[in-house]
Asks: 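This structure is in structure tokens; I'll ask about it shortly.
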Amino acid sequence: MSDDDASRNDLAEEDEHLLAEAEKIAGAIGRMFPGLCEVVLHDLRNPQHAIRAIENNLSGRQVGDSATELGLARIADPDYPSVIQNYPNQFPDGRPVKSTSIGIKNRQGLYVAALCLNLDVSSLSPLTRTLANLVATEVAHSGEVLETLRDRTARELRETIETFAAARAHTPRSLPADAKRELAKQLRRDGYFESSGSAQTIADLLGVSRASVYNYSK
């Protein structure tokens, strides 16, 4: 075997070692965020069958599928950025995603792998709605009274309940009884019970009877 052949073999072994180590990282990250963050390891040495490992498969792709556009860009250009962080993306079913892609180079400075994290932000929608509402109050109507506490709409009531539950890492129906009691008292203080049909709306959202809602609010 010539020296060139030996050098190529050594480099191939080093590249494979990099991939094997990256595969461990992909698995560990995926298991830390089950059902929430898809982690994909791409072998850029084989772009037609680049996906080497996938944890928390949220996109429907499979091991052996081809490289993405970012992977192809890195193969074509070793100077392509190593880290592309927190960029907007989308799963095939339309769910919004926040993605980060990390390129991995060998000692020759060539990209041999990419580790990609795809965070399903749709599961954070209650918190997203809360933040969107907070921002919306700061824009165009400073000092202008737009509504009173006595005339709450069903939409506002629903958002208030979802915000309360999301802050406690629950859905409205999964809130424990003491939290439902706290919520009902808060809603009464804020004037929601004075709107027609509000007690039934609260009961439906919390998965309890209308009588329970009134008892909770006392």
Side-chain angles (χ1 to χ4, degrees), residues 1-136 138-139 166 169:
M1 179 185 295
S2 68
D3 290 342
D4 288 343
D5 289 338
S7 179
R8 281 193 293 270
N9 285 340
D10 288 344
L11 185 61
E13 289 179 2
E14 289 179 11
D15 291 351
E16 181 58 31
H17 178 73
L18 284 174
L19 267 292
E21 293 299 300
E23 193 167 352
K24 295 178 188 176
I25 296 171
I29 295 174
R31 287 188 290 273
M32 188 173 181
F33 301 101
L36 182 63
C37 184
E38 177 185 80
V39 186
V40 186
L41 177 63
H42 297 269
D43 183 348
L44 299 184
R45 302 170 302 174
N46 186 11
Q48 295 301 316
H49 304 283
I51 294 183
R52 172 161 170 155
I54 183 165
E55 292 283 339
N56 295 329
N57 192 335
L58 302 177
S59 63
R61 292 175 293 173
Q62 302 296 328
V63 170
D65 282 356
S66 60
T68 65
E69 293 86 348
L70 278 179
L72 296 176
R74 287 192 171 112
I75 293 170
D77 182 8
D79 292 327
Y80 197 85
S82 294
V83 178
I84 307 293
Q85 192 152 20
N86 296 335
Y87 59 92
N89 214 334
Q90 190 177 69
F91 287 131
D93 62 5
R95 283 174 295 163
V97 177
K98 185 169 94 169
S99 295
T100 290
S101 177
I102 306 164
I104 300 171
K105 291 182 178 181
N106 63 13
R107 62 183 170 91
Q108 284 190 321
L110 301 176
Y111 283 111
V112 295
L115 185 64
C116 299
L117 314 178
N118 300 312
L119 180 67
D120 180 1
V121 297
S122 69
S123 61
L124 306 175
S125 58
L127 179 59
T128 302
R129 282 196 296 271
T130 300
L131 294 175
N133 290 337
L134 288 173
V135 172
E138 297 176 3
V139 287

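Along the sequence shown, residues are numbered consecutively beginning with 1. Basis for what follows: all heavy atoms, side chains included, without hydrogens, waters or symmetry-related copies.
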Asks: To the nearest 0.5 Å, what is the distance between OG (S101) and CD (Q85)?
Replies: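 Reported value, rounded in 0.5 Å steps: 10.5 Å.
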
Asks: Check the pair E55 / M32 against side chain to side chain contact (heavy atoms under 4.5 Å, CB included), numbers first and verdict last.
Replies: CA-CA 10 Å; E55 292 283 339; M32 188 173 181; over 6 Å; no

Asks: Does P47 have any side-chain contact (heavy atoms from CB on, under 4.5 Å) partners at least two apart in sequence or in another chain, and if so, which?
Replies: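 P47 satisfies side-chain contact (heavy atoms from CB on, under 4.5 Å) with A67, L72, I75 once adjacent residues are dropped.
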
Asks: Quick one: does any side-chain atom of E14 pair with a main-chain N or O of R107 as donor and acceptor, under 3.5 Å?
Replies: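 No, the answer is negative, given that no donor and acceptor are paired below the 3.5 Å cut-off.
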
Asks: With a 3.5 Å distance limit and no angle check, can you tell me whether K98 reaches the backbone of V121 through a side-chain donor-acceptor pair?
Replies: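 No: the side chain of K98 does not pair with the backbone of V121.
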
Asks: Starting at SG of C37, measure out to CG of D120 and round the result to the nearest 0.5 Å.
Replies: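 It is 9.5 Å, given to the nearest 0.5 Å.
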
Asks: What's the spacing between H49 NE2 and D65 CG if we round to 0.5 Å?
Replies: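 Answer for the NE2-CG pair, H49 versus D65, is 9.5 Å.
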
Asks: Listed by chain and number, what are the side-chain contact (heavy atoms from CB on, under 4.5 Å) partners of D93, not counting sequence neighbours?
Replies: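 Checked D93 against side-chain contact (heavy atoms from CB on, under 4.5 Å); matches are F91, R95.
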
Asks: How close do A53 and V63 get, counting heavy atoms only, and between which atoms?
Replies: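 Scanning both residues, the minimum pair turns out to be CA-CG2, 4.3 Å.
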
Asks: Please check this pair: side chain of N56 against backbone of F33, looking for a donor-acceptor N/O pair closer than 3.5 Å.
Replies: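 Yes; judged by distance alone, with no hydrogens or angles, the pair exists.
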
Asks: How close do S66 and I51 get, counting heavy atoms only, and between which atoms?
Replies: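 Where S66 meets I51 most closely, the heavy atoms are O-CG1, 4.3 Å.
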
Asks: K105 and S82: which non-hydrogen atoms are nearest, and at how many Å?
Replies: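 Reported closest heavy-atom pair: CE-OG, 4.4 Å.
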
Asks: Any donor-acceptor pair under 3.5 Å linking the side chain of Y111 with the backbone of Y80?
Replies: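 Judged by distance alone, yes, a pair lies under 3.5 Å.
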
Asks: Just by modelled atom types, is the R61 backbone N or O under 3.5 Å from a matching donor or acceptor in the N57 side chain?
Replies: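 Yes.
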
Asks: Side-chain contact test, heavy atoms from C-beta onward, threshold under 4.5 Å: evaluate it for L70 versus H42 and give yes or no.
Replies: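 Counting from C-beta outward, L70 and H42 never come under 4.5 Å.
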
Asks: Okay, side chain of R74, backbone of P81: is any donor-acceptor separation there less than 3.5 Å?
Replies: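 Indeed, once roles are kept as given, a pair shorter than 3.5 Å links the two residues.
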
Asks: Only counting residues at least two apart or in another chain, list the ones meeting side-chain contact (heavy atoms from CB on, under 4.5 Å) with K24.
Replies: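 Testing K24 for side-chain contact (heavy atoms from CB on, under 4.5 Å), a comparison that skips the adjacent residues, returns E21.
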
Asks: Quick one: closest heavy-atom pair of L115 and A22, and the distance?
Replies: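 Looks like CD1-O, 4.5 Å.
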
Asks: Rounded at 0.5 Å granularity, tell me how far CD in Q62 sits from CD1 in I54.
Replies: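 Those atoms lie 7.0 Å apart.
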
Asks: Is any side-chain heavy atom of V112 closer than 4.5 Å to a side-chain heavy atom of L44?
Replies: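 The answer is no; the side chains never approach within 4.5 Å.
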
Asks: Shortest non-hydrogen contact from A113 to L41?
Replies: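 Looking at all heavy atoms of both residues, the closest pair is CB-CD1, 4.3 Å.
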
Asks: Just how far is it from atom CG of N89 to atom OG1 of T100, taken to the nearest 0.5 Å?
Replies: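 Answer for the CG-OG1 pair, N89 versus T100, is 10.5 Å.
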
Asks: With rounding to the nearest 0.5 angstrom, report the CD to CG distance, E38 to L58.
Replies: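 Interatomic distance, E38 CD to L58 CG, rounded to 0.5 Å: 5.0 Å.
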
